[in-house]
Amino acid sequence: NGKKAKKRKQEYEDEEEEEEEERSTDGSKWKFLEHKGPVLAPPYEPLPGHVRFFYDGKLLRLSAPAEEVATFFAKMLDHEYTTKDMFRKNFYKDWRKEMTSEEKSKITDINKCNFTEMSEYFKAQSEARKQMSKDEKLKIKEENERILQEYGFCVMDNHKERIGNFRIEPPGLFRGRGDHPKMGMLKRRIRPEDIIINCSKDSKHPKPPQGMRWKEVRHDNKVTWLVSWTENIQGSIKYIMLNPSSRIKGEKDWQKYETARRLKKCVDRLRAQYREDWKSKEMRVRQRAVALYFIDKLALRAGNEKEEGETADTVGCCSLRVEHIKLYPKMDDQEYVVEFDFLGKDSIRYYNKMPVEKRVFKNLQLFLENKQPEDDLFDRLNTSILNKHLQELMDGLTAKVFRTYNASITLQQQLKELTSRDIPAKILSYNRANRAVAILCNHQRAAPKTFEKSMQNLQTKIDEKQKQLSATRKQLKGAKTEHKASHDDRSKKMVEVKRKAVQRIEEQLMKLQMQATDREENKQIALGTSKLNYLDPRISVAWCVNWNIILTFWCQEKCMGVKSTYFL
DNA sequence: AGTGTGACTTGTAAGTAGTAAC
DNA sequence: GTTACTACTTACAAGTCACACT
């Protein structure tokens with residue numbers, strides 16, 4: 001057994017060594033990388049003959065390429081997108097490119113196209129999928145599992161790692177968010193010859209499908225991606241990278257929170273600095289200081305410039321325009337109020353009124369002088385200038401670090417402030433603290449479609465519980481009276497039983513009411529993004545330990561101590 | 001067994017930010 | 001400075017799944 005123990009010890013030490021594996025300083029991200037390449041989108045399957053397309057009321061058989069693009073539209077027919085002019089216009093334009101010359105001459109007006117049979121067909125298909133037998137469903141599940149096992153993992157250095165997105169995006173119609181000028185355009189099919197493979201030289205290279213070639217196979221260990229291709233809508237590059245549970249993502253995430261912690265140490269100094277800069281003689285310095293104040297105080301994003309006409313018109317701090325703010329010297333009982341109203345990332349509206357210090361207000365008035373609504377508020381500033389400045393103030397500091405820092409510190413403060421008595425209330429407290437962060441970061445969601453109904457259902461439950469409670473209370477009262485009269489053991493027991501029942505129901509009622517409050521407050525607020533990307537998990541862990549709350553957490557997405565996601 | 005629901009996953013768009021070339 | 005390009009993080013919606021409830 002001495003041998004075995006020795007072996008175990010050796011293994012343990014190997015493991016240790018592995019864990020302490022030096023991260024190289026030359027910017028290389030890995031030494032060895034092997035994977036099976038991407039899963040390509042399945043080829044197009046033509047519609048069965050009975051599914052017809054009509055143009056101007058007349059049956060029209062489409063060529064396969066034209067039919068495929070038509071099905072993309074048909075699949076979205078119930079979606080609001082297909083009612084939008086821009087979407088229809090862009091779709092129609094790209095669709096025509098796929099038509100034969102005969103089709104082009106016949107089809108001249110999208111409004112005369114009837115996609116309903118196609119749409120019905122796909123609906124029936126998805127219905128049929130739902131109705132499949134357990135066996136059939138299991139088969140599909142097993143097949144998916146097989147593909148996952150084969151393509152969903154790679155080996156990076158000494159570890160088998162889960163890949164985030166190992167499937168190439170299938171062709172379809174581009175769904176931009178907000179008022180996107182390119183919505184409805186055709187996202188074309190990606191072929192092997194469009195794909196760049198990245199892996200190490202000494203690995204087994206992924207094979208392209210029979211008779212086809214990759215665009216390129218490279219061995220660049222300065223990057224973390226395994227596969228890339230250029231997408232045709234914006235001409236940007238898409239990547240296949242590792243899952244958040246991977247070492248490479250986890251370490252990066254850890255670093256992010258460490259940088260935020262370093263900011264915590266010097267944030268007072270930085271704040272004093274930008275307040276001082278509000279008085280600067282230089283316009284560019286004052287603009288920088290006011291912008292930084294917004295980023296710090298309101299957790300605004302940096303706001304890179306965007307190419308006009310290529311994307312939806314959204315802004316961040318540095319790209320704010322005159323039209324996005326209004327100044328009120330007096331508003332109600334407050335002085336120097338700034339009203340923000342603009343579309344941020346994903347075209348989510350940011351609306352806020354904030355009283356600012358007089359000096360900020362005067363600066364803003366100055367920045368607005370002689371400008372048109374569509375002019376930049378901070379005309380002497382951009383994200384590059386701002387980040388260069390931040391870099392000088394603290395190593396590794398950029399605008400987004402403020403968001404991370406302020407989100408995490410807000411959670412910590414709110415948890416301290418809000419945490420109260422019993423467990424359901426504690427969970428409500430946690431969610432409220434989380435909500436404060438989501439509000440700070442403006443993380444919104446569309447109210448769930450079923451919100452009203454599920455709220456009603458919950459209310460019904462509460463009402464029923466209430467009735468049950470008063471009934472049980474009555475019974476308790478009855479039991480008490482009976483006990484007073486008889487003074488026997490049996491009636492005494494009854495009183496106890498009823499007392500316990502009342503208590504239990506009270507607890508249940510409270511829990512339901514908490515749930516209702518929680519859900520109502522959460523109607524249009526998305527907690528997931530902050531949980532996933534902004535809240536240092538150590539804060540939540542500490543809170544749970546402190547209050548002796550059992551931390552049930554789901555480790556699938558990101559991993560313990562490195563990137564944990566959903567707490568509670 | 002069927003259905004409604006919330007929890008969790010997947011998909012991919014839309015940001016941030018660094019680098020390099022002019 | 002300006003711009004193009006690249007790599008990576010953050011974002012919401014939609015899809016899927018498991019489970020409670022009828």
Side-chain angles (χ1 to χ4, degrees), chain A residues 27 29 76 79-81 126 129-131 134 137 140-141 144 148 164-170 172 174-178 180 182-183 187 196 198 220 222-225 228 230-231 233-244 248-249 252-253 256 301-307 310-312 314-319 343-348 380 382-388 390-391 396-401 403-404 407 438 441-446 448-451 453-455 457-458 461 515 519 522 526-534 552-557 563 565-566 568:
Chain A
K29 308 282 171 61
M76 291 178 73
H79 202 289
E80 202 203 335
Y81 270 121
S126 90
R129 253 195 312 276
K130 275 185 215 153
Q131 297 303 322
K134 264 210 174 113
K137 280 184 183 168
I140 291 172
K141 213 175 165 182
N144 282 335
L148 174 67
N165 55 323
F166 53 88
R167 286 170 208 277
I168 295 285
E169 294 172 20
F174 176 75
R175 305 151 88 119
R177 292 169 193 252
H180 197 117
K182 299 194 171 186
M183 63 167 76
K187 222 173 83 166
I196 302 174
N198 193 33
D220 181 359
K222 300 281 194 288
V223 297
T224 67
W225 54 267
S228 77
T230 301
E231 149 273 348
I233 304 287
Q234 325 268 1
S236 66
I237 308 167
K238 300 260 184 165
Y239 302 93
I240 289 182
M241 291 186 195
L242 297 193
N243 185 274
I248 209 155
K249 294 284 186 190
K252 203 76 190 297
D253 202 46
K256 175 181 74 185
R301 296 186 185 84
N304 283 320
E305 288 112 302
K306 308 167 71 182
E307 217 175 323
E310 293 292 299
T311 60
T314 63
V315 297
C317 185
C318 293
S319 51
L343 297 181
K345 182 175 179 179
D346 292 299
S347 293
I348 299 290
R380 308 282 174 86
N382 61 40
T383 54
S384 164
I385 296 171
L386 179 64
N387 281 335
K388 265 199 195 103
L390 293 176
Q391 187 61 242
L397 187 62
T398 63
K400 86 192 207 29
V401 179
R403 248 167 102 81
T404 312
C441 295
N442 201 38
H443 291 143
Q444 299 187 32
R445 61 168 182 179
K449 283 191 189 88
T450 53
F451 184 85
K453 218 175 98 200
S454 81
M455 217 55 210
N457 289 349
L458 196 52
K461 269 190 193 168
Q515 253 181 39
R519 204 182 294 175
N522 221 29
L527 301 184
T529 301
S530 52
K531 269 183 184 148
L532 224 54
N533 302 303
Y534 287 100
T552 44
F553 71 74
W554 295 260
C555 243
Q556 282 95 333
E557 188 69 20
K563 193 152 195 174
T565 45
Y566 291 97
L568 292 165

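The chains referred to below are lettered A, B, ... by the order of the sequence lines, with proteins before strands, and numbering in each begins at 1.
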Undergrad: I'd like a table of atom pairs between the protein and nucleotides 14-20 of chain B - only N or O on both sides, under 3.5 Å - with the distance next to each one.
TA:
residue : atom : partner  : partner atom : Å
B:dA14  : OP1  : A:Arg177 : N            : 2.7
B:dA14  : OP1  : A:His180 : ND1          : 3.3
B:dG15  : OP1  : A:Thr314 : OG1          : 2.8
B:dG15  : OP1  : A:Asp346 : N            : 3.2
B:dG15  : OP2  : A:Lys306 : NZ           : 2.9
B:dT16  : OP1  : A:Ala302 : N            : 3.2
B:dT16  : OP1  : A:Gly303 : N            : 2.7
B:dT16  : OP2  : A:Asn304 : N            : 3.0
B:dT16  : OP2  : A:Asn304 : ND2          : 3.3
B:dA17  : OP1  : A:Thr398 : OG1          : 2.7
B:dA17  : OP1  : A:Ala399 : N            : 3.3
B:dA17  : OP1  : A:Lys400 : N            : 2.8
B:dA17  : OP2  : A:Asn387 : ND2          : 3.1
B:dA17  : N7   : A:Asn304 : ND2          : 3.4

Undergrad: Name the nucleic acid region contacted by A:Lys130, choosing base, sugar-phosphate or nothing; use a 4.0 angstrom heavy-atom cut-off, strictly under.
TA: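 Here A:Lys130 touches no strand at all.
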Undergrad: Could you pick out which residue, A:Glu307 or A:Met241, lies toward the 5' side of DNA chain C when each is mapped onto its nearest nucleotide?
TA: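 Closest to the 5' end, via its nearest nucleotide, is A:Glu307.
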Undergrad: Could you state the CG-C1' distance from A:Leu532 to B:dC8, rounded to the nearest angstrom?
TA: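 Spelled out: CG on A:Leu532 to C1' on B:dC8 is 11 Å.
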Undergrad: Answer with base, sugar-phosphate or nothing: what part of the nucleic acid does A:Arg403 contact at a heavy-atom distance below 4.0 Å?
TA: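 The answer is sugar-phosphate, as A:Arg403 gets under 4.0 Å only of primed atoms, P, OP1 or OP2.
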Undergrad: Answer with base, sugar-phosphate or nothing: what part of the nucleic acid does A:Ser236 contact at a heavy-atom distance below 4.0 Å?
TA: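 If one applies the 4.0 Å heavy-atom cut-off, A:Ser236 turns out to touch nothing in the nucleic acid.
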Undergrad: What N/O pairs connect the protein and nucleotides 20-22 of chain C at under 3.5 Å? Give each pair on its own line.
TA:
none

Undergrad: Just call it for A:Lys182: base, sugar-phosphate, or nothing, with non-hydrogen atoms closer than 4.0 Å on any strand.
TA: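 Answer is nothing: A:Lys182 stays at 4.0 Å or more from every strand.
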Undergrad: What integer distance in Å separates A:Ile385:CD1 from C:dT3:C1'?
TA: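 The distance from CD1 of A:Ile385 to C1' of C:dT3 comes to 14 Å, rounded to the nearest Å.
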Undergrad: Can you sort out the partners of A:Glu169 under salt bridge (charged side-chain N to carboxylate O under 4.0 Å, His left out), two or more places apart, ordered by chain and number?
TA: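 Salt bridge (charged side-chain N to carboxylate O under 4.0 Å, His left out) check on A:Glu169 returns A:Lys187, A:Lys238.
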Undergrad: Could you check A:Trp225 against A:Asn144 and say which one's nearest nucleotide on DNA chain C is further toward the 5' end?
TA: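 Nearest-nucleotide comparison on DNA chain C picks A:Trp225.
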Undergrad: Take the protein atom CD1 of A:Ile168 and the nucleotide atom P of B:dT10, then report the distance between them rounded to whole Å.
TA: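 In whole Å, B:dT10 P and A:Ile168 CD1 are 17 Å from each other.
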